[in-house]
Each structure stands twice: as C-alpha cells, then as structure tokens.
Chemist: 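Have a look at this one before I ask anything.
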Amino acid sequence: MVAAGCGGKSSSSASPPKALLDPSKFTATAPQRFTATFKTTAGTFVVEVHRTWSPHGADRFYNLVKNGFYDGQKVFRVVPHFVVQFGISPYPEVSQAWQTADIPDDPVGKLHNRRGTVDFASAGPNTRTTQIFVNTADNLQLDAAGFTRSAR
C-alpha cells in the first residue's frame with residue numbers, strides 16, 4: 001500500500017523536496033495492483049490502481065505517490081457532475097521540472113470513465129504529466145477523447 005496526502009498544509013514557503021526536481025529518476029515499474037490513500041480536508045479516499053489498465057499511467061502515478069508529489073496539494077478544479085482535478089505542485093520549481101515530463105498515451109481499451117474512476121489529465125496526445133482527475137459522474141464521452149482510465 002502506498003499512502004499520500006492531498007490538501008491540508010501548504011508548503012509553498014519551504015524548499016521543495018529535491019527528489020521532485022528530477023522527473024528522469026521516476027522510473028520504477030508499478031506493481032500489478034496497488035492502492036494510494038489520499039487524506040484531504042473533505043475526507044479520505046483510496047485509489048486502487050491496476051497496471052494492466054494503463055501501464056504508463058500506473059507507473060507514473062506510482063512514482064509520484066511513492067515520492068510524495070501529491071502531498072500538500074490542493075484541488076484546483078471542480079466541475080460539478082464531471083470531475084475534481086489536482087496535481088499541480090505548490091512549488092513553482094517542481095511544476096517547471098515536470099512541465100514537459102510527458103508519458104505516452106495508453107490504449108483506452110474496454111474500461112470506461114465511470115463515476116469514481118481516476119485518469120490523468122492531458123492537453124492532447126502523449127501529454128500526460130502529473131495532473132489527475134476523479135470522475136464525479138459517468139463521463140463516457142472521455143473514452144472517445146482518448147482518456148485512459150487508470151484507477152478507481
């Protein structure tokens with residue numbers, strides 16, 4: 001089990017953890033199945049990741065969680081009946097380091113963007129970096145747009 005914090009204390013005045021400044025070192029292969037627990041100001045939620053659903057996404061998420069990337073982050077986008085999104089570091093240096101650390105897209109497959117599933121946000125093909133969103137409704141239109149369900 002991998003645990004992470006999201007929300008809560010802000011750390012923007014402190015120096016960022018040095019490990020987060022070098023995305024090239026985030027290369028561990030994720031286990032075939034793992035969980036990440038997020039403790040937020042609105043409660044706790046657990047993300048269950050299956051590497052077979054989205055291998056590149058699972059590996060990236062595993063490395064980010066394992067290294068505390070999401071600790072102390074705030075949700076920055078809430079669209080009712082659509083998504084809740086987070087994944088921008090409170091440290092500008094970290095955000096800059098990850099800005100072009102894209103991962104390849106994974107095939108969409110037979111899994112769908114249903115309520116409660118988690119995906120990486122993207123700005124087009126092969127542009128996933130650190131931002132993730134939780135579907136707060138069935139968003140099947142995202143399947144056709146290439147969003148690969150990474151977890152639930």
Side-chain angles (χ1 to χ4, degrees), residues 1-106 113 115-137 139 142 145-152:
M1 177 176 283
V2 180
C6 187
K9 62 183 176 182
S10 172
S11 51
S12 59
S13 61
S15 297
K18 293 209 185 287
L20 297 179
L21 296 172
D22 190 356
S24 69
K25 293 184 178 178
F26 284 54
T27 60
T29 299
Q32 288 302 313
R33 184 174 168 216
F34 66 96
T35 60
T37 301
F38 288 85
K39 296 178 181 178
T40 76
T41 56
T44 299
F45 68 96
V46 177
V47 176
E48 179 182 337
V49 180
H50 295 254
R51 192 168 186 278
T52 55
W53 294 350
S54 178
H56 297 297
D59 290 348
R60 171 58 57 89
F61 185 70
Y62 177 75
N63 281 281
L64 291 170
V65 170
K66 181 175 139 183
N67 287 283
F69 181 87
Y70 296 112
D71 292 358
Q73 289 194 12
K74 297 184 183 332
V75 167
F76 66 85
R77 181 178 180 221
V78 176
V79 180
H81 311 291
F82 185 52
V83 299
V84 171
Q85 188 170 340
F86 60 95
I88 296 176
S89 175
Y91 304 106
E93 311 94 311
V94 173
S95 291
Q96 184 176 3
W98 286 89
Q99 189 171 0
T100 59
D102 302 326
I103 58 172
D105 290 340
D106 288 301
N113 286 279
R115 183 177 188 269
T117 59
V118 179
D119 290 1
F120 271 95
S122 72
N126 302 309
T127 59
R128 298 180 299 164
T129 57
T130 61
Q131 294 181 39
I132 60 175
F133 63 88
V134 179
N135 287 295
T136 59
N139 293 317
L142 295 178
F147 287 92
T148 307
R149 176 180 154 188
S150 300
R152 65 175 174 198

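Side chains included, hydrogens not; waters and symmetry mates left out as well; all remaining heavy atoms used.
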Chemist: Any donor-acceptor pair under 3.5 Å linking the side chain of S89 with the backbone of V94?
Modeler: no

Chemist: Is the backbone N or O of T29 less than 3.5 Å from a side-chain atom of D59, with the two atoms forming a donor-acceptor pair by type?
Modeler: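 Checked: no pair found.
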
Chemist: Is the distance between the ring centroids of F34 and Y62 less than 6.0 Å?
Modeler: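 Centroid distance F34-Y62: below 6.0 Å, so yes.
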
Chemist: Does any N or O in the side chain of T117 come within less than 3.5 Å of the main-chain N or O of N113, such that one atom is a donor and the other an acceptor?
Modeler: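 No; judged by distance alone, with no hydrogens or angles, the pair does not exist.
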
Chemist: Has D22 got a side-chain atom pairing as donor or acceptor with S24's backbone, closer than 3.5 angstrom?
Modeler: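 Yes, because the side chain of D22 sits within donor-acceptor range (under 3.5 Å) of the backbone of S24.
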
Chemist: Would you say H50 and Q32 make side-chain contact, with heavy atoms under 4.5 Å?
Modeler: no

Chemist: Are V65 and F38 side-chain neighbours, meaning at least one heavy-atom pair lies under 4.5 Å?
Modeler: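 Sidechains of F38 and V65: in contact.
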
Chemist: Would E93 and L21 count as a side chain to side chain contact (heavy atoms under 4.5 Å, CB included) here? Give the steps.
Modeler: CA-CA 7 Å; E93 311 94 311; L21 296 172; 3.7 Å; yes

Chemist: Run T130 and L64 through side chain to side chain contact (heavy atoms under 4.5 Å, CB included) and show every step you take.
Modeler: CA-CA 8 Å; T130 61; L64 291 170; 4.1 Å; yes

Chemist: Evaluate the side-chain proximity of Q73 to P90: yes if any heavy-atom separation is below 4.5 Å, no if none is.
Modeler: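 P90 reaches Q73 side chain to side chain.
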
Chemist: Taking it one step at a time, do L142 and F82 satisfy side chain to side chain contact (heavy atoms under 4.5 Å, CB included)?
Modeler: CA-CA 10 Å; L142 295 178; F82 185 52; 4.2 Å; yes

Chemist: Measure the shortest side-chain to side-chain distance between K66 and F61 over non-hydrogen atoms and say whether it is less than 4.5 angstrom.
Modeler: no

Chemist: Would the W98 and F26 ring centres measure less than 6.0 Å apart?
Modeler: yes

Chemist: Would you please indicate if the ring centroids of F120 and F133 are separated by under 6.0 Å?
Modeler: no

Chemist: Answer whether the closest heavy-atom distance between the side chains of D105 and H56 falls below 4.5 Å.
Modeler: no

Chemist: With a 4.5 Å limit on heavy-atom distance, are the side chains of D102 and N126 in contact?
Modeler: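 A side-chain contact is absent here, since even the closest heavy-atom pair is not under 4.5 Å.
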
Chemist: Checking the side chain of R128 only, and the main-chain atoms of A121 only, is there a donor and an acceptor separated by less than 3.5 Å?
Modeler: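 It does not hold such a pair.
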
Chemist: Minimum heavy-atom separation for P16 and Y91, please, with both atom names.
Modeler: CB-CG, 3.4 Å

Chemist: Give me the atom names and distance for the closest heavy-atom approach of R60 to T129.
Modeler: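 Looking at all heavy atoms of both residues, the closest pair is NH1-O, 2.9 Å.
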
Chemist: Take Y70 and F86 through the test ring pair (Phe, Tyr, Trp, His ring centres under 6.0 Å) and record every step on the way to the result.
Modeler: CA-CA 8 Å; Y70 296 112; F86 60 95; 5.7 Å; yes

Chemist: For a side chain to side chain contact (heavy atoms under 4.5 Å, CB included) check, start with the C-alpha distance between V83 and N139, then their side-chain angles and the critical distance, and finish with the verdict.
Modeler: CA-CA 9 Å; V83 299; N139 293 317; 4.1 Å; yes

Chemist: What are the two closest non-hydrogen atoms of T136 and V79, and how far apart are they?
Modeler: OG1-O, 4.0 Å

Chemist: For the pair D106 (side chain) and G57 (backbone), establish whether a donor and an acceptor sit closer than 3.5 Å, ignoring hydrogens and angles.
Modeler: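 Looks like yes, one N/O pair under 3.5 Å.
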
Chemist: Taking all heavy atoms of A97 and all of P23, pick out the closest pair and write down the distance.
Modeler: O-CG, 3.3 Å

Chemist: Would you confirm whether N135, through its side chain, and G116, through its main-chain N or O, come within 3.5 Å as a donor-acceptor pair?
Modeler: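 Answer holds: no.
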
Chemist: Does V134 reach the side chain of R115, with side-chain heavy atoms less than 4.5 Å apart?
Modeler: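 Of all side-chain heavy-atom pairs linking R115 with V134, none is under 4.5 Å.
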
Chemist: Answer yes or no: is there a side-chain heavy-atom contact under 4.5 Å between T44 and K39?
Modeler: yes

